[in-house]
Structure formats: structure tokens, C-alpha cells
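Comments concern the structure below.
For clarity, every value in this text was computed on a predicted model and none was experimentally measured. When reading the values below, keep in mind they use all heavy atoms of this one structure, side chains included, and skip hydrogens, waters and symmetry mates.
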Amino acid sequence: MIYVAKAGNTTYIKIGYSAHFRGVMTRIDNLQVGCPYNIRLIGLIAGDQEKEQRIHAILNRHGHHVRGEWFNQTIFTDKLLRRTGMKPL
């Protein structure tokens, strides 16, 4: 499953992959340790690592990449995530 997490009230979102939901929550807990912003899960997308990498590649090409698996949340990213089947939480 592909997860989308948001850092506080910033425009930063993380798009990552985990084989199961427990792994998603563990990853968010680990990210929270080094982050001054409250990280919250905002959506899930059915898919594998290949689909996650395709989403990353599209966002990279359109200039939304920040660092690693972090991207700027914009109207474009929101539309792309909805088109890929994101279920908001």
C-alpha cells in the first residue's frame, strides 16, 4: 500500500510504500522522532512499489520534489493523487 503523510501545516507531503498498514504506522512513528512538525497520515492508495515510483517520477518531472520521498503539496499533486486512487483519511 502507498501512503501519503503530511508534515504539520506545511506543504510537505511524504509518499511512501509499505506492504501492510502496521508498517505504515511504524514508518510514521519513526519519521516523527526527527521532525518538528506533527506528521499525520492523510491518505492511502492501493498499489505496489512500482506504482509508488511512477508517482514519484511524475512529481519529480513537474518540479514538486523536495527531498527523498518528500514533495510539495499543490493542486497538481492533489489531483494526481486522486487520479491514482487515493482514499483520504
Is it true that atom CG of Asn9 has more than 12 heavy atoms of other residues, nucleotides or ligands lying nearer than 6.0 Å?
no
Relative to each other, are the rings of Phe71 and His56 parallel, tilted or perpendicular (30° and 60° limits)?
tilted
Taking C-beta and beyond as the side chain, do Ile13 and Trp70 meet within less than 4.5 Å on heavy atoms?
no
Measure across Ala5 and Ile39 and return the closest heavy-atom pair with its distance rounded to 0.1 Å.
CB-CG2, 3.8 Å
Are Leu31 and Leu44 connected in a single hydrophobic cluster, I mean Ile/Leu/Val/Met/Phe/Trp/Tyr linked by side-chain heavy atoms less than 4.5 Å apart?
yes
Looking at every non-hydrogen atom in both residues, tell me the closest pair between Thr84 and Lys51 and how far apart they are.
O-NZ, 2.9 Å
ILVMFWY cluster, Leu41 and Tyr12 together (side-chain gap under 4.5 Å):
yes
If you take all heavy atoms of Glu52 and Ile15, which pair is closest and at what distance?
OE2-O, 3.5 Å
Smallest separation among heavy atoms of Ile42 and Met86, with atom names
O-CE, 4.3 Å
Step through the shown structure and confirm whether more than 12 heavy atoms of other residues, nucleotides or ligands are within 6.0 Å of CG on Leu89.
yes
Specify the closest pair of heavy atoms between Tyr3 and Arg27, including all atoms of both residues, with the distance to one decimal.
OH-CG, 3.0 Å
In terms of hydrophobic clusters joined by side-chain contacts under 4.5 Å, are Ile45 and Ile28 together?
no
Quick one: are Ile58 and Phe76 in side-chain contact, heavy atoms under 4.5 Å?
yes
Let me see the working for Lys79 and Thr74 under side-chain contact (heavy atoms from CB on, under 4.5 Å), right down to the final yes or no.
CA-CA 9 Å; Lys79 286 180 180 179; Thr74 65; over 6 Å; no
Please name the pair of heavy atoms, one in Ile2 and one in Asp48, separated by the smallest distance, quoted to 0.1 Å.
CD1-O, 3.7 Å
Where do Lys6 and Tyr37 land on the side-chain hydrogen bond (donor to acceptor under 3.5 Å, both in side chains) test, with the steps shown first?
CA-CA 9 Å; Lys6 185 171 176 78; Tyr37 304 105; over 6 Å; no
For Val33, the rest of its hydrophobic cluster, which grows through side-chain links under 4.5 angstrom
none
When rounded to the nearest 0.5 angstrom, what distance separates OG1 in Thr77 from CZ in Arg82?
9.0 Å
Please examine the side chains of Asn72 and Leu59, heavy atoms only from C-beta on, and report whether any two atoms are closer than 4.5 Å.
no
